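All figures in this text were calculated on a predicted structure; none of them were measured in a lab. Hydrogens, waters and symmetry mates play no part in the numbers below; they use all other heavy atoms, side chains included.
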Amino acid sequence: MRTRPPVWAEATLRIFLKADAFASVAGDLLEQYRDSILPNCGLASADRWYLKQVAGFALRSVFAWAALFAGAFVARSALDWFRPTNDFQTRSHISTAIAAALLLAVGFRTAWQSRSFTAGAIAGFVTTAIAAALSIVGNAALFATWHDPGTMSAIQDSGGLGEAFELPVVLILPGIVLGGVGGLVGAGISRLARPT
C-alpha cells in the first residue's frame, strides 16, 4: 500500500509555499499523513485530508489577490448599475487593465517563489476560480438589495444579469493564460536572480 500522498499533491503544495518553508511544512504534513491519518482512516480518506491541507495553503496564498479581483469586478458592476453610461469603453479598458495586472502579478509572485512557470498558470486558475465565486456572491447581494425598475434598466443596458453572473466563470481561462504569462516572467527572472 502507498504510504505517501499523491506526488502531484506534494508538487502542488510546493507551488504555494516559499522554498525555505516547503521542506518543513511538507515534512510535518507527511508525518501526520503516515503516523495518524493513514492508519486510522485509510488511503482514500488520508489522501482527501492531504488535499484539504494543500487547498488551504493554496487558498491562503492567493485569497487576497482573488478578493481584489472580485472586488474590482463587483465595483464595475455597481458602477454600471448605479451610474449608467452610454459609453462603456473607458470603463471596460480600466477594468480589463486592473484584472490583467492582478493576474499577471499573482502569476509572477507565485512563479518567483517556486521558480516554476506552471505555478503561475495554476495560481491564475485558483485566483480566478475563487474570484468567480466571490464575484457571483457580491453581484447577487447587489441585485438582491437593488432591483428597482431604474436599476433593472441599467443592468439590461450594461450587459444584463448574464454578464454579472456568467462572465466571472468565463474569465477563468484568461486567468490561467495571464497567470501563466506572469509565471513565465517570474520564473525566468527568479532563475536568473537566484541561479541553482
Side-chain angles (χ1 to χ4, degrees), residues 12-13 15-17 48-49 51-114 118-186:
T12 304
L13 178 65
I15 288 170
F16 294 103
L17 292 172
R48 278 192 301 276
W49 173 84
L51 292 176
K52 286 179 188 174
Q53 306 310 308
V54 172
F57 282 102
L59 179 66
R60 287 186 292 278
S61 175
V62 302
F63 187 80
W65 298 98
L68 286 170
F69 189 97
F73 190 87
V74 173
R76 166 67 195 272
S77 295
L79 186 62
D80 288 349
W81 295 2
F82 305 129
R83 295 284 185 254
T85 183
N86 291 326
D87 178 20
F88 290 97
Q89 189 172 6
T90 302
R91 290 180 183 182
S92 178
H93 288 309
I94 292 170
S95 60
T96 301
I98 290 169
L102 287 170
L103 292 168
L104 289 167
V106 74
F108 179 92
R109 178 191 160 275
T110 306
W112 170 267
Q113 78 181 20
S114 69
T118 309
I122 292 170
F125 167 74
V126 174
T127 300
T128 49
I130 294 168
L134 294 173
S135 296
I136 290 168
V137 169
N139 282 335
L142 284 177
F143 183 69
T145 307
W146 293 283
H147 49 270
D148 57 273
T151 303
M152 293 302 294
S153 176
I155 290 170
Q156 198 57 40
D157 292 344
S158 68
L161 286 176
E163 183 173 292
F165 294 109
E166 294 168 11
L167 187 57
V169 177
V170 171
L171 292 175
I172 292 174
L173 182 57
I176 295 168
V177 172
L178 288 168
V181 170
L184 187 62
V185 174

A.B. asks: Checking the side chain of S92 only, and the main-chain atoms of F88 only, is there a donor and an acceptor separated by less than 3.5 Å?
C.D. replies: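 No; judged by distance alone, with no hydrogens or angles, the pair does not exist.
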A.B. asks: Main chain of F57, side chain of S61: is a donor-acceptor contact present, judged purely on distance under 3.5 Å?
C.D. replies: no
A.B. asks: I need the T96 OG1 to H93 NE2 distance, nearest 0.5 Å.
C.D. replies: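 Reported value, rounded in 0.5 Å steps: 8.0 Å.
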A.B. asks: Before you tell me yes or no, could you show the steps for W81 and W146 under side chain to side chain contact (heavy atoms under 4.5 Å, CB included), namely the whole-Å CA-CA distance, both residues' side-chain angles and the distance that decides it to 0.1 Å?
C.D. replies: CA-CA 9 Å; W81 295 2; W146 293 283; over 6 Å; no
A.B. asks: What's the separation between atom CG in L161 and atom CD in E166, rounded to the nearest 0.5 Å?
C.D. replies: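 The CD atom of E166 is 9.5 Å from CG of L161, to the nearest 0.5 Å.
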A.B. asks: Side chain to side chain contact (heavy atoms under 4.5 Å, CB included), that's the test. Do I122 and F16 meet it? Break it down for me.
C.D. replies: CA-CA 10 Å; I122 292 170; F16 294 103; 3.8 Å; yes
A.B. asks: Looking at side-chain heavy atoms only, is the closest gap between T85 and L79 below 4.5 Å?
C.D. replies: no
A.B. asks: Of all the heavy-atom pairs spanning A131 and F69, show the shortest one and how long it is.
C.D. replies: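 Reported closest heavy-atom pair: CB-CD2, 3.4 Å.
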A.B. asks: Is it true that, when you exclude R83 itself, more than 12 heavy atoms of the residues, nucleotides or ligands shown sit nearer than 6.0 Å to its CZ?
C.D. replies: no
A.B. asks: Could you pull out the closest heavy-atom pair between D80 and A154, with the gap in Å?
C.D. replies: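 Smallest heavy-atom distance, with atoms named: O-CB, 3.9 Å.
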A.B. asks: What do the steps show when you test I136 against V169 for side chain to side chain contact (heavy atoms under 4.5 Å, CB included), and what is the final call?
C.D. replies: CA-CA 9 Å; I136 290 168; V169 177; 4.0 Å; yes
A.B. asks: For residues A67 and L134, report the shortest heavy-atom separation together with the two atoms involved.
C.D. replies: CA-CD1, 4.0 Å
A.B. asks: Within the side chain of N139, is there an N or O that forms a donor-acceptor pair under 3.5 Å with the backbone of A164?
C.D. replies: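 Confirmed, N139 side chain pairs with A164 backbone.
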A.B. asks: Looking at A141, is its backbone amide N or carbonyl O close enough to the side chain of T145 to form a donor-acceptor pair, meaning the two atoms are under 3.5 Å apart?
C.D. replies: yes
A.B. asks: Write down the atom of S77, the atom of L142, and the distance for their closest heavy-atom approach.
C.D. replies: CB-CD1, 4.5 Å
A.B. asks: OG1 of T127 to CG of L59: how many Å apart, nearest 0.5 Å?
C.D. replies: 10.0 Å
A.B. asks: Minimum heavy-atom separation for T110 and A123, please, with both atom names.
C.D. replies: OG1-CB, 3.4 Å
A.B. asks: With side chain to side chain contact (heavy atoms under 4.5 Å, CB included) as the criterion, how do M152 and Q156 come out once you've worked through the C-alpha distance, each side chain's angles and the decisive distance to 0.1 Å?
C.D. replies: CA-CA 6 Å; M152 293 302 294; Q156 198 57 40; over 6 Å; no
A.B. asks: With no hydrogens and no angle check, is any side-chain donor or acceptor of H147 less than 3.5 Å from a backbone partner on A144?
C.D. replies: yes
A.B. asks: Write down the atom of L171, the atom of T128, and the distance for their closest heavy-atom approach.
C.D. replies: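 Between these two residues, the closest heavy atoms are O-CG2, 3.8 Å.
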A.B. asks: Do other residues, nucleotides or ligands put more than 12 heavy atoms under 6.0 Å from F108 CZ?
C.D. replies: yes
A.B. asks: Do the numbers put R76 on top of the ring of F73, so that NZ or CZ is under 6.0 Å from the six-membered ring centre and no more than 45° off the axis?
C.D. replies: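 The answer is no, since R76 fails at least one limit relative to F73.
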